[in-house]
Amino acid sequence: MEMNMNFKRKLPVPKELKAEYPITEEMSEIVKKRDKAVSDIITGEDDRMLLVIGPCSADHEDPVIDYISRLAKVQEKVRDKIFIVPRIYTNKPRTVGTGYKGMLHQPDPEKSEDMLKGVIAIRNLHIRAIKETGFTCADEMLYPENHRYLSDVLNYVAIGARSVENQGHRLTASGIEGAVGMKNPTGGDLTVMMNSVVAAQSAHTFLYRGWEVESAGNPLAHTILRGAVDKYGRNIPNYHYEDLQEVIRLYAERNLANPAIVVDTNHANSGKQFMEQIRISKDVLHSRNVSPDIKKIVKGLMIESYIEDGSQKENEHVYGKSITDPCLGWEKTEKLIYDLADMW
């Protein structure tokens, strides 16, 4: 059966693009140091909170760097309690395939540009974050075959709710040397999420970018609770005390390394009511502080935050305001981080 697609051009392989847009030795050392810190949090050697925080989607380079620069100042004040990993999410899953798909597809949200410009733009943005703020960041692995374009600059990788059942995502996660969070699927089946962690922590032989490859398994693969949506479209949160205890039970049934939970405070946990993230964050920390088992397994939070509260349409041109899911604005974000440091 023939394919009805126009093959426009063959993109450079990741090794070529990395050579053309390289990181310095100093940046490489920053990456290694920060990767070690996240690894130590997941394994329990470091008892700080892992806080993955930032815009729902990285839209324009300047406001994203502005936001991250603000985070860098806060990080200095809470460094004994919280390790911050900014979100630079450059590809966005779309439920029906329409809408802004992220900087990978559209470096300028108002234009449809070719994919090569997008690949260069997302790499340059992550490099600029390291250079100007000292932060290595998080991104979602929406397309497993694209991961190696950013593999030398990322600090944290998330596998989204729509991708976590996909074999390609699981196998690629098994070959990543670093923290990978596996979200529960949109339907909320925690067994599916746990199965994805089992797969990611296991060794595999598989096809990747035209190569037969072997992976050793990723002991830093762990769970992310993001809530669920039932068959009637209703949001079902899964951040409560009882939910956390259930994940502890599911971990106990499996022979997995480094049991760990990160709670996503937005999406179906908040019903995309961005202000609820404040309450949900504190609720999770309260559960952690009243249960030794939960305290041991809950490693941190994922929060959607930007410069301005809420969200906007693509053509509104509000600086630092999300063009995808609504986000918590900067003033509320800064106060929340200080509050969380006090509670941790």
Side-chain angles (χ1 to χ4, degrees), residues 14 35 38 42 50-59 61 64 67-68 84-95 97 99-107 109 115 118-119 121-123 125-126 129 135-186 192-193 196-197 199-200 218 220-227 262-269 272 300-306 311 322-327:
D35 283 355
V38 173
I42 298 299
L50 176 64
L51 181 58
V52 182
I53 186 168
C56 174
S57 57
D59 49 4
E61 186 173 307
V64 169
Y67 171 86
I68 293 173
I84 295 175
V85 179
R87 289 169 54 107
I88 294 185
Y89 276 35
T90 57
N91 356 216
K92 295 301 297 178
R94 310 308 302 182
T95 302
Y100 180 59
K101 297 182 180 69
M103 189 176 285
L104 174 68
H105 295 269
Q106 295 168 261
M115 188 65 74
V119 172
I122 67 176
R123 181 164 177 81
L125 177 53
H126 277 281
F135 273 134
T136 49
C137 301
D139 205 340
E140 179 173 350
M141 191 174 72
L142 185 57
Y143 308 106
E145 63 274 16
N146 290 340
H147 171 73
R148 287 191 58 78
Y149 286 118
L150 300 175
S151 60
D152 59 335
V153 295
L154 293 179
N155 195 202
Y156 187 92
V157 175
I159 308 297
R162 299 167 186 83
S163 303
V164 75
E165 295 187 69
N166 180 269
Q167 186 78 340
H169 287 80
R170 294 176 172 190
L171 298 180
T172 304
S174 76
I176 293 175
E177 292 187 22
V180 179
M182 319 294 283
K183 289 194 174 186
N184 65 264
T186 53
V192 169
M193 175 184 67
S196 74
V197 177
N218 184 349
L220 300 178
H222 59 276
T223 59
I224 302 175
L225 296 178
R226 51 87 73 198
V262 171
V263 176
D264 178 347
T265 63
N266 212 14
H267 297 103
N269 270 331
K272 296 188 179 180
L301 301 170
M302 185 174 284
I303 297 173
E304 291 196 324
S305 155
Y306 209 1
S311 63
S322 176
I323 63 172
T324 44
D325 289 352
C327 295

A.B. asks: Does Asn266 reach the side chain of Ile303, with side-chain heavy atoms less than 4.5 Å apart?
C.D. replies: no
A.B. asks: Hey, what do you get for CD1 (Ile159) to CG (Leu142), rounding to the nearest 0.5 Å?
C.D. replies: 9.5 Å
A.B. asks: Within the distance-only criterion (no hydrogens, no angle test), does the side chain of His222 pair as donor or acceptor with the backbone N or O of Leu220 below 3.5 angstrom?
C.D. replies: yes
A.B. asks: Could you check, using the six-membered ring where one of them is a Trp, whether His169 and Tyr143 have ring centers closer than 6.0 angstrom?
C.D. replies: no
A.B. asks: Minimum heavy-atom separation for Ala138 and Val52, please, with both atom names.
C.D. replies: CB-CG1, 3.8 Å
A.B. asks: For the residue pair Ile53 and Met302, establish whether any side-chain heavy-atom pair is separated by less than 4.5 Å.
C.D. replies: no
A.B. asks: Within the 4.5 Å heavy-atom criterion, are Ser311 and Tyr306 side-chain neighbours or not?
C.D. replies: no
A.B. asks: Rounded to the nearest 0.5 Å, what's the gap from CD1 on Ile176 to OG on Ser151? Could you check?
C.D. replies: 8.5 Å
A.B. asks: Are Leu50 and Val38 close enough that some pair of their side-chain heavy atoms sits under 4.5 Å apart?
C.D. replies: yes
A.B. asks: Below 4.5 Å, heavy atoms only, C-beta onward: do Leu125 and Ile122 meet side chain to side chain?
C.D. replies: no
A.B. asks: Can you list everything that forms a ring-ring contact (aromatic ring centres under 6.0 Å, His included) with His267? Sequence neighbours excluded, please.
C.D. replies: none
A.B. asks: Any sub-3.5 Å donor-acceptor pair from Asn91's side-chain atoms to Leu104's backbone N or O?
C.D. replies: no
A.B. asks: Using every non-hydrogen atom in the two residues, find where Thr324 and Cys56 come nearest and quote the distance to one decimal.
C.D. replies: OG1-SG, 3.1 Å
A.B. asks: How would you list, by chain and number, every residue that makes a side-chain hydrogen bond (donor to acceptor under 3.5 Å, both in side chains) with Asn184, sequence neighbours excluded?
C.D. replies: Asn238
A.B. asks: Answer with yes or no after comparing the ring centroid distance for Tyr156 and His126 against a 6.0 Å cut-off, counting only values under it.
C.D. replies: no
A.B. asks: Just do the side chain to side chain contact (heavy atoms under 4.5 Å, CB included) check on Val157 and Asp139 with the steps written out, would you?
C.D. replies: CA-CA 5 Å; Val157 175; Asp139 205 340; over 6 Å; no
A.B. asks: Give a yes or no answer on whether the side chain of Arg226 reaches the backbone of Asp264 with a donor-acceptor pair at less than 3.5 Å.
C.D. replies: no
A.B. asks: Locate the shortest heavy-atom distance separating Pro185 from Met193; write the atom from each residue and the value.
C.D. replies: CD-N, 4.2 Å
A.B. asks: Taking the side chain as everything from C-beta on, heavy atoms only, tell me whether Asp35 gets closer than 4.5 Å to Asn155.
C.D. replies: yes
A.B. asks: Got a second to check how far Thr90's OG1 is from Arg123's CZ, nearest 0.5 Å?
C.D. replies: 12.0 Å
A.B. asks: Do you know which two heavy atoms are closest between Glu140 and Gly160, and how far apart they sit?
C.D. replies: OE2-CA, 3.5 Å
A.B. asks: Among Asn146, Leu154, Asp152, which residue satisfies the side chain to side chain contact (heavy atoms under 4.5 Å, CB included) criterion with Leu150?
C.D. replies: Leu154
A.B. asks: Compare all side-chain heavy atoms of Thr223 with those of Val197 and state whether any distance is below 4.5 angstrom.
C.D. replies: yes
A.B. asks: For Met141 and Thr172, work out which heavy atoms get closest and say how close.
C.D. replies: SD-CG2, 3.7 Å
A.B. asks: Is there side-chain contact between Asn166 and Val164, with heavy atoms separated by less than 4.5 Å?
C.D. replies: no
A.B. asks: Given side chain to side chain contact (heavy atoms under 4.5 Å, CB included), test Glu177 with Asn218 step by step and report yes or no.
C.D. replies: CA-CA 7 Å; Glu177 292 187 22; Asn218 184 349; over 6 Å; no
A.B. asks: Minimum heavy-atom separation for Cys137 and Ile88, please, with both atom names.
C.D. replies: SG-CD1, 3.7 Å
A.B. asks: Given Phe135 and Val85, is the side chain to side chain contact (heavy atoms under 4.5 Å, CB included) satisfied, shown in steps?
C.D. replies: CA-CA 7 Å; Phe135 273 134; Val85 179; over 6 Å; no
